[in-house]
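All remarks here apply to the structure that follows.
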Amino acid sequence: MHAPSSDVSSENLAELAADLLTRLRARAPRVHCISNTVAQAFTANLLLAVGGVPSMTVDPDEVGAFVASADALLINIGTLDQGRREAIDVAVTAAAGRVPVVLDPVFVDRVPTRAAFARDLARRAPTVIRLNRAEFATLAECPPDAPVTQAVQFYANACGTVVALTGAQDWVADGARLVTLHNGHPLMAQVTAMGCAGSALVAACLAVEPDPWRATAGALVALGVAGEIAGARARGPGSFVVEILDVLHGLDRVTLTQFTKVS
Amino acid sequence: MHAPSSDVSSENLAELAADLLTRLRARAPRVHCISNTVAQAFTANLLLAVGGVPSMTVDPDEVGAFVASADALLINIGTLDQGRREAIDVAVTAAAGRVPVVLDPVFVDRVPTRAAFARDLARRAPTVIRLNRAEFATLAECPPDAPVTQAVQFYANACGTVVALTGAQDWVADGARLVTLHNGHPLMAQVTAMGCAGSALVAACLAVEPDPWRATAGALVALGVAGEIAGARARGPGSFVVEILDVLHGLDRVTLTQFTKVS
Amino acid sequence: MHAPSSDVSSENLAELAADLLTRLRARAPRVHCISNTVAQAFTANLLLAVGGVPSMTVDPDEVGAFVASADALLINIGTLDQGRREAIDVAVTAAAGRVPVVLDPVFVDRVPTRAAFARDLARRAPTVIRLNRAEFATLAECPPDAPVTQAVQFYANACGTVVALTGAQDWVADGARLVTLHNGHPLMAQVTAMGCAGSALVAACLAVEPDPWRATAGALVALGVAGEIAGARARGPGSFVVEILDVLHGLDRVTLTQFTKVS
């Protein structure tokens, strides 16, 4: 159970998550989000709850200036429209080589043209891709019977990116390292924008941690532990949204150490 | 009071609402919503709270594919813009004869061009039209002194649709059947998107119940009872939004039977 | 401490805020908001919580009709895009001389083109401009070492408008009168859209109070007191959003008199 020499012990990842939260609160990184209109408010509130500073314009004429002064960029392709397509191109170009980028390929499993758009984005070397099982199966075009851990590592290598596959458990892979996260709560799947906001938290952590695999794993540990605690306190999905923001805002090292479960 | 032979007794409608919620939780229908940017997040959260799977893209190029794999379609014309007008046309065409459609003609009483647009949509035979008194008066062009129950039945017949007129009390009519629902709470009118989310709940129920009048009546009974319980628990409109999602998520047959009031 | 002869005593401003809330609940003014997609839902809920009736379309073809039947107009330039730029021009023209206008120049400090757009709007004589320190420094182009109270008065005079500069403390100036408001809570800066919603509350109060300086000061006193009470009750930013809506909804004269702190 206790693996002091391993980078991925629960103890080490709890420490990492706590350090990331401390840095976020101290440094208040700016995270520019090109996100969908459903998720924007909750995403902004989650970023603010951990100390980040969100901005959300999707105007192609303005997005370059916002990205130029941002510490991280989130590209979420829900409610994609012509303006957002142009803005994403401008933003990714402005970020290139300077600002870490998280790609959240929402609902690529529903529309072939959206999947094609996301595949083009995946080829532009985002720092991290965060997605769910159905989206991963479409984007990675992996055989349905491939073991998930193998498929995730393969795709991370192929794209040269960190892949975070989230769901009842989360996998974070960079082609070499892999960790499985076991925190969370079923209510996380019964409120909108939880995945989107998780991607935003990963983006914020990329702004304060140079190793993208560690930034991603730590962000998702923090979110999973917050979700688990919030789920225990909530009486349903309405109070769950309230609780997870409150818990994240006050999440500390002792609590993280007590709850974190990884393998 | 007790009318065992009638389809519209409180007892029967409580049973119906409970059955619909059970089916929603079991079948997780996909509901595509072309809705306004103010209502999207709450609408998505309400659908998720009852077990539905919302999608919300408004892009004309993508909406056809989303509707093709959806179980119901919601057309809400708040924050209407050029993209949404095109998307609505594509979506309604894609849905025709296969996917049930709910029309929510938000604020048609404020702009004549919007009323004209909604009248065109009403002629394309939506399964259900849900609206408030001011919107109904504009859309139906009914004489101001006509009794509301008569006007609603007349309009339902003229459009070949179910009409749900909601407010302090709700009427659900299909030209033959009519029921008046007496549940609800004044706070439902002091939070945004409650009507919009009610239309989304109707859409979800259409996906699991072939009789649109029963689907609509059952959906609005569930929402009204949830609103009544949430209103009793809330300390104001902020906590009301939280409570109604929690209550809907856990709403059961016993509670519905205890609270449902129809005539 | 007690200054019965002054218009800006805490006691007088508490009375004013209470009167404004009473009028809002009685008259239910219509406030049309051209706002950003992040802030729309919370802004609508805040307006509804105090008795207002929000509308939010941003379509250039519809916005004129909405403004024509509105009692106040809010222009918030977050998530600015081409449609919003056109809609703002139509709306400001429709409002001219008849409907009071609040300008909220969100993030003008981030993009020069947005600052130029906001400066043009500021020249069109909005009734009130509400903004934070960074936005004010950019918009007013005031020397960084000018005392803030002097700079605010100078800018109010130059624009012929009321200026509300909000933050840890708020200043409300009209070139002659100036008041400093000391209520509020740090959590107000850790949730999204609080400034935007504050601007909307100012707009609502302009609809029920002909003196724009009094309307603005009273609105911000009410928001600051509500924030202070909500902050004491909240366990973090999630519950803070819930509490501030509940508190505003029930805020009364006794509580305002007890809490208001101005100088």
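Chain letters run A, B, ... following the sequence lines, proteins first and then strands; every chain starts at 1.
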Kindly give the heavy-atom pair with the smallest separation between C/V106 and C/I77, and that separation in Å.
-> N-CG1, 3.6 Å
Will you find, in the side chains of C/T138 and C/D109, an N or O donor that is under 3.5 Å from an N or O acceptor?
-> no
Distance-only side-chain donor-acceptor flag, A/R30 / A/S55, under 3.5 Å | no
One option among A/N45, A/V58, A/L47, A/L248 has the most heavy-atom pairs under 4.5 Å with chain C, and it is A/N45
Region of A/P54 in contact with chain C, defined by heavy-atom distances below 4.5 Å = backbone
Which of the residues A/L48, A/D246, A/V63, A/L245 is involved in the greatest number of heavy-atom pairs with chain C at under 4.5 angstrom?
-> A/D246
Would you please test C/I244 and C/L223 for side chain to side chain contact (heavy atoms under 4.5 Å, CB included) and show each step?
-> CA-CA 8 Å; C/I244 197 168; C/L223 189 65; 4.2 Å; yes
Using non-hydrogen atoms and a 4.5 Å limit, figure out which bit of C/V38 sits close to chain A: side chain, backbone, both or neither.
-> both
Side chain, backbone, both or neither: which part of C/A234 has a heavy atom under 4.5 Å from chain A?
-> neither
Out of A/D81, A/T43, A/T79, A/N76, which one pairs with A/N36 under the side-chain hydrogen bond (donor to acceptor under 3.5 Å, both in side chains) rule?
-> A/N76
